[in-house]
S.K.: 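Mind looking over this structure? Questions follow.
Keep in mind that the numbers below use all heavy atoms, side chains included, and drop hydrogens, waters and symmetry copies. Below, chain A is the first sequence line, B the second, and so on; all start at residue 1.
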Number of protein chains: 2
Amino acid sequence: MTAANAADPDDGPGGAGGGAPPPAAPAGGRAAGDDIVAGVVRQWYAVRPDVDTGPMEIIGRINRCAALLQQAEDAPLRHAGLNRAEFDVLGTLRRTGHELTPGELARETFSSGAAVTKRLKQLGERGLVERRADTRDRRVVLVRLTDAGRALVDALLPEQLSYEAAVLSGVEAGRRDDLARLLGELLVQLEGRLGLPRG
Amino acid sequence: MTAANAADPDDGPGGAGGGAPPPAAPAGGRAAGDDIVAGVVRQWYAVRPDVDTGPMEIIGRINRCAALLQQAEDAPLRHAGLNRAEFDVLGTLRRTGHELTPGELARETFSSGAAVTKRLKQLGERGLVERRADTRDRRVVLVRLTDAGRALVDALLPEQLSYEAAVLSGVEAGRRDDLARLLGELLVQLEGRLGLPRG
DNA sequence: GCCATATCTTTTACGAGTGAAACACCTGTT
DNA sequence: AACAGGTGTTTCACTCGTAAAAGATATGGC
């Protein structure tokens with residue numbers, strides 16, 4: 001609540017927060033080479049020029065990208081009857097190389113324990129993962145990939161990645177590296193700011 | 001389907017697609033200053049060094065950022081009893097400045113018509129939007145903000161934006177601009193590649 | 001040894017989104 | 001005028017995720 005009210009609406013046009021005003025303005029319409037968010041920002045500037053829309057240019061774009069990607073990105077997975085979340089569980093087990101508990105899987109895949117339980121049930125019924133009780137602590141369940149699960153991940157991973165590579169291929173290689181680096185910086189900050197409550 | 005299989009798994013280690021292998025490798029563990037995705041990439045490199053994890057560094061990070069943001073970003077909204085999606089509808093009506101149909105709202109907010117119908121029902125019950133039938137074409141419904149709805153958006157928008165600004169403040173200003181620009185480039189590509197089917 | 005407390009997993013109740021079907025209406029053709 | 005086909009909105013059945021409660025087990029103080 002502290003800094004949240006820092007940018008009052010009567011900040012005054014021109015000195016709005018720190019972001020430069022959007023370039024010119026095709027009357028709120030959309031210019032060639034612009035993405036959706038640029039148009040949105042211009043519309044806001046037309047009706048509320050006092051407000052600093054800077055954050056939208058990052059957060060809005062991340063949300064749009066994530067939405068677009070999630071709608072289409074999973075084509076190779078869907079083909080195998082999996083969704084992103086299920087593949088995420090399988091992939092986590094594969095890349096760590098050892099058994100994990102449902103709690104660890106939940107933390108690793110950013111979802112609730114309940115969601116993991118559901119997914120494990122389905123993946124178990126399909127013979128892709130196995131559960132066994134921990135001998136030391138019988139509250140704990142240990143989950144591992146079956147041979148079939150491992151084979152499926154290994155087959156799907158390159159397909160999925162090359163599909164993703166195709167999706168990204170419209171951006172020049174050097175800029176992809178820049179983008180990855182900057183997203184990494186942002187993610188570190190977000191983890192610190194928003195992820196701490198879990199520690 | 002065309003270019004999607006371009007990067008075959010037997011691309012050969014060292015020449016994997018275009019991404020450099022992850023730096024050294026703390027045994028799959030996590031180094032200081034690294035984000036979660038960097039650790040994930042290293043784990044993959046340890047068990048499947050033949051695979052080009054480049055796309056993960058962008059898509060994985062975007063997904064993580066979006067997940068983290070969505071969990072916490074909405075603090076000021078939640079305080080007003082709204083969620084992101086509802087605020088998105090109100091904001092769209094506010095920034096365009098005129099009445100919109102449910103279909104237009106669906107396209108604008110990236111969601112299904114059914115979802116928009118539900119939201120409009122709730123927002124209508126709370127007195128934030130009004131529907132009226134189009135006089136020309138009676139299939140069409142026109143939605144507009146009530147005075148209360150407009151006042152709520154105008155009050156919430158600066159709060160929400162300065163909250164978002166605080167979340168982003170850990171990244172240096174110049175880098176935020178770079179990030180916004182690169183995300184814009186990516187978004188243009190994604191819109192072209194993944195958004196075309198709707199046209 | 002026993003109890004209070006904490007931790008891990010699963011179950012339950014519910015909210016939100018989606019695709020497909022249903023419904024209402026328009027428009028051009030015959 | 002009637003009809004076929006198209007478009008816009010809503011309803012329906014379903015999936016998926018979550019928070020909170022329940023169930024099972026460990027652990028430390030007495």
S.K.: Figure out the CG/P separation between A:Asp134 and C:dT7, and round it to whole Å.
M.R.: 17 Å
S.K.: Do the side chains of B:Asp34 and B:Arg42 get close enough for a salt bridge, i.e. N-O under 4.0 angstrom?
M.R.: yes
S.K.: Rounded off to whole Å, could you give me the CG-to-P distance for the A:Leu82 and D:dC16 pair?
M.R.: 11 Å
S.K.: Rounded to whole Å, how long is the line connecting atom CG of A:Leu100 with atom C1' of C:dC8?
M.R.: 15 Å
S.K.: Between A:Thr92 and B:Val40, is there a side-chain heavy-atom distance shorter than 4.5 Å?
M.R.: no
S.K.: For nucleotides 26-29 of chain C, print each protein N/O atom paired with a nucleotide N/O atom at under 3.5 Å, atom names and distance only.
M.R.:
residue: C:dC26; atom: OP1; partner: B:Arg138; partner atom: N; Å: 3.2

S.K.: D:dT9 P sits how many Å from B:Arg132 CZ, rounded?
M.R.: 13 Å
S.K.: B:Thr109 and B:Ser111: which non-hydrogen atoms are nearest, and at how many Å?
M.R.: OG1-OG, 3.0 Å
S.K.: Could I get a table of every N or O pair under 3.5 Å where one atom is in the protein and the other is in nucleotides 10-14 of chain D?
M.R.:
residue: D:dT10; atom: OP1; partner: B:Arg131; partner atom: NH2; Å: 3.4
residue: D:dT10; atom: OP2; partner: B:Thr117; partner atom: OG1; Å: 3.2

S.K.: Given B:Glu86 and B:Arg119, is the salt bridge (charged side-chain N to carboxylate O under 4.0 Å, His left out) satisfied, shown in steps?
M.R.: CA-CA 6 Å; B:Glu86 289 164 334; B:Arg119 283 177 217 146; over 6 Å; no
S.K.: By nearest atom, which of the nucleotides C:dG17, C:dT9, D:dT18 is closest to the A:Ser112 side chain?
M.R.: D:dT18
S.K.: Just how far, in rounded Å, is C1' of C:dG17 from CG of B:Asp88?
M.R.: 14 Å
S.K.: What's the CD-C1' distance between A:Gln70 and D:dG17, to the nearest Å?
M.R.: 12 Å
S.K.: Can a salt bridge be assigned to the pair A:Glu164 and A:Arg84 using a cut-off of 4.0 Å between side-chain N and carboxylate O?
M.R.: yes
S.K.: Check whether any side-chain heavy atom of A:Leu93 sits under 4.5 Å from a side-chain heavy atom of A:Leu105, and report yes or no.
M.R.: yes
S.K.: Holding to side-chain contact (heavy atoms from CB on, under 4.5 Å), I want the full list of residues that pass it with A:Arg175, two or more places apart in sequence or in another chain.
M.R.: A:Val171, A:Glu172, B:Leu182, B:Glu185
S.K.: Nearest-Å distance, CD (B:Glu125) to C1' (C:dG15)?
M.R.: 15 Å
S.K.: Are there more than 12 heavy atoms of other residues, nucleotides or ligands under 6.0 Å from atom CZ of B:Arg150?
M.R.: no
S.K.: List the steps, then state whether salt bridge (charged side-chain N to carboxylate O under 4.0 Å, His left out) holds for A:Asp137 with A:Arg139.
M.R.: CA-CA 6 Å; A:Asp137 183 343; A:Arg139 290 170 303 182; 2.7 Å; yes
S.K.: For the pair made of CG in B:Asn83 and C1' in D:dT18, what is the distance, rounded to whole Å?
M.R.: 14 Å
